[in-house]
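This report refers to the structure that appears directly beneath it.
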Amino acid sequence: MTGSRTIALRLGLLSLLLVSGCVTDSSTYTKEVNKEDLVRAQYELGATYLARGNYRPAKEYLSKVLELDPKFPLAHVAFGLVFEHEEEYVLAKEHFQKAIKFDPTLTEARVAYAGFLDAQGRYPEAIDQLLVAAEDRFYQSRPTVYENLGRSYLRLDDVNNAIAAFERAIALNNNQSRALLELAELKLDQQNYVEAFALYRRHISVSDQSARSLWLCIQLAERFSNPDEKASCALTLKNIFSAIPQYRFYEKRFGQ
């Protein structure tokens, strides 16, 4: 899944779906506990195991959830992530779609499904889901939705919409580091060097240097005739990221 959201990263979504408070095994519940509480408790356990990468017990608890409530949307989201991890893509798709069917307002379901679609190379469909998710003004990770939307647009070479999406992500969160880097690279490609440099500076103020940001640094330093910064970024790129494509770009372009 080069350049796209990984399963491991998207499992962080589950932390947003967990109900706050202690997770209690259903065996401690009395007969007076109602079905809704039991469903929630089983889901919390399943999602917790899944977030830790313990798929077998996660599936056991999530199965119990769907036995009690076959339309519980969060369980379908979790199962979608499980089956995507297991490369059972047909089942993953079915569960993501069921989650959206049973609760069309569940933004987390659309974000998870969009990640799945992007990983499958189905970028227009991923964009459709992200556009709906972006309309949720109360979604905590809305800046990331726009960031992912921009990346999906880039996969279709739709630069204008990608720029608009990255700009929206940054407007919602000044420290959206990936969007800052993506936008800086796009501005460099457009020969808008002043904006690219400003975006690069903002990016490194909130994020560690990467091979991509160091390669951007080298190109900008060359453009603005700053040999010291160029040499510093080149040395870091060579020492830490010599096996990364950006270093080979540097060697090819500057003959180092």
* To do: May I have the step-by-step check of side-chain contact (heavy atoms from CB on, under 4.5 Å) for Val111 and Ser141, ending in yes or no?
  => CA-CA 10 Å; Val111 172; Ser141 298; over 6 Å; no
* Asked: Which is it for Leu50 and His85 under the side-chain contact (heavy atoms from CB on, under 4.5 Å) test, yes or no, and what are the steps along the way?
  -> CA-CA 11 Å; Leu50 178 54; His85 168 77; over 6 Å; no
* To do: Could you please spell out the steps behind the side-chain contact (heavy atoms from CB on, under 4.5 Å) verdict for Glu84 and Phe96?
  => CA-CA 10 Å; Glu84 184 179 358; Phe96 287 133; 3.9 Å; yes
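Taken from CD in Gln209 to CG in Leu216, the straight-line distance is 9.0 Å, to the nearest 0.5 Å. Atoms CZ and CG, from Arg178 and Leu181 in turn, are 7.0 Å apart once rounded to the nearest 0.5 Å. Atom-to-atom distance recorded for Leu180:CG and Ser207:OG is 9.0 Å, nearest 0.5 angstrom. Distance check, rounded to the nearest 0.5 Å: OH of Tyr89 to CD of Gln120 gives 5.5 Å. Between the CG atom of Leu237 and the OG atom of Ser232 there is a distance of 11.0 Å, given to the nearest 0.5 Å. With rounding to the nearest 0.5 angstrom, the CD atom of Glu60 is 10.5 Å from the CD atom of Gln42.
In this structure, Asp208 places its CG atom where only 12 or fewer heavy-atom neighbours from other residues, nucleotides or ligands lie under 6.0 Å away. Heavy atoms from other residues, nucleotides or ligands lying under 6.0 Å from OH of Tyr49 number 12 at most. With a 6.0 Å radius and a threshold of 12 heavy atoms from other residues, nucleotides or ligands, Arg56 has its CZ atom at or below the threshold. Glu36 CD: 12 or fewer foreign heavy atoms inside a 6.0 Å radius.
Tracing side-chain contacts under 4.5 Å through hydrophobic residues (I, L, V, M, F, W, Y), one reaches Ile163 starting from Ile170; they form part of the same cluster. In the hydrophobic clustering of this structure, Leu188 groups with Tyr200; members are Ile, Leu, Val, Met, Phe, Trp, Tyr whose side-chain heavy atoms approach within less than 4.5 Å, directly or through other members. In this structure, Leu117 is a member of the same hydrophobic cluster as Leu81, with clusters built from ILVMFWY side-chain heavy atoms closer than 4.5 Å. A single hydrophobic cluster is not seen to contain both Ile204 and Leu214; linkage of ILVMFWY side chains at heavy-atom distances under 4.5 Å, directly or through other members, places them apart. Under the 4.5 Å side-chain contact rule for hydrophobic residues, Phe102 and Phe72 do not share a cluster.
When every heavy atom of Ala78 is checked against every heavy atom of Tyr43, the shortest pair comes out as CB-CE1, 4.4 Å. Among all heavy-atom pairs drawn from Asn34 and Asp37, the shortest one is OD1-N, 2.7 Å. The heavy-atom pair separating Ala75 from Val65 by the smallest distance is CB-CG1, 3.7 Å. A pairwise comparison of heavy atoms in Arg142 and Asp136 identifies CD-O, 3.4 Å as the closest pair. Nearest approach of Ser152 to Tyr123, heavy atoms of both residues: O-CB, 4.3 Å. Nearest heavy-atom pair across Ala133 and Thr107 is CB-CG2, 3.7 Å.
Judged by the 6.0 Å and 45° rule, Lys64 forms a cation-pi pair with Tyr61.
Here the side chain of Asn54 pairs no donor or acceptor atom with the backbone of Pro57 at under 3.5 angstrom.
Between Arg110 and Glu108 no salt bridge is recorded (no basic side-chain N to carboxylate O distance below 4.0 Å). Looking at Glu182 and Arg212, a side-chain N of the basic residue comes within less than 4.0 Å of a carboxylate O on the acidic one, giving a salt bridge. Taking a cutoff of 4.0 Å between a charged side-chain nitrogen and a carboxylate oxygen, Asp118 and Arg151 do not qualify as a salt bridge. Checked for salt-bridge contact, Glu125 and Lys93 miss the test: no charged N lies under 4.0 Å from a carboxylate O.
A side-chain hydrogen bond (donor to acceptor under 3.5 Å, both in side chains) check over residues 68-83, counting only residues at least two apart or in different chains, returns the pairs His76-His95.
Taking the six-membered ring where the residue is Trp, Tyr113 and Phe116 present parallel rings, their angle staying beneath 30° rather than reaching 60°.
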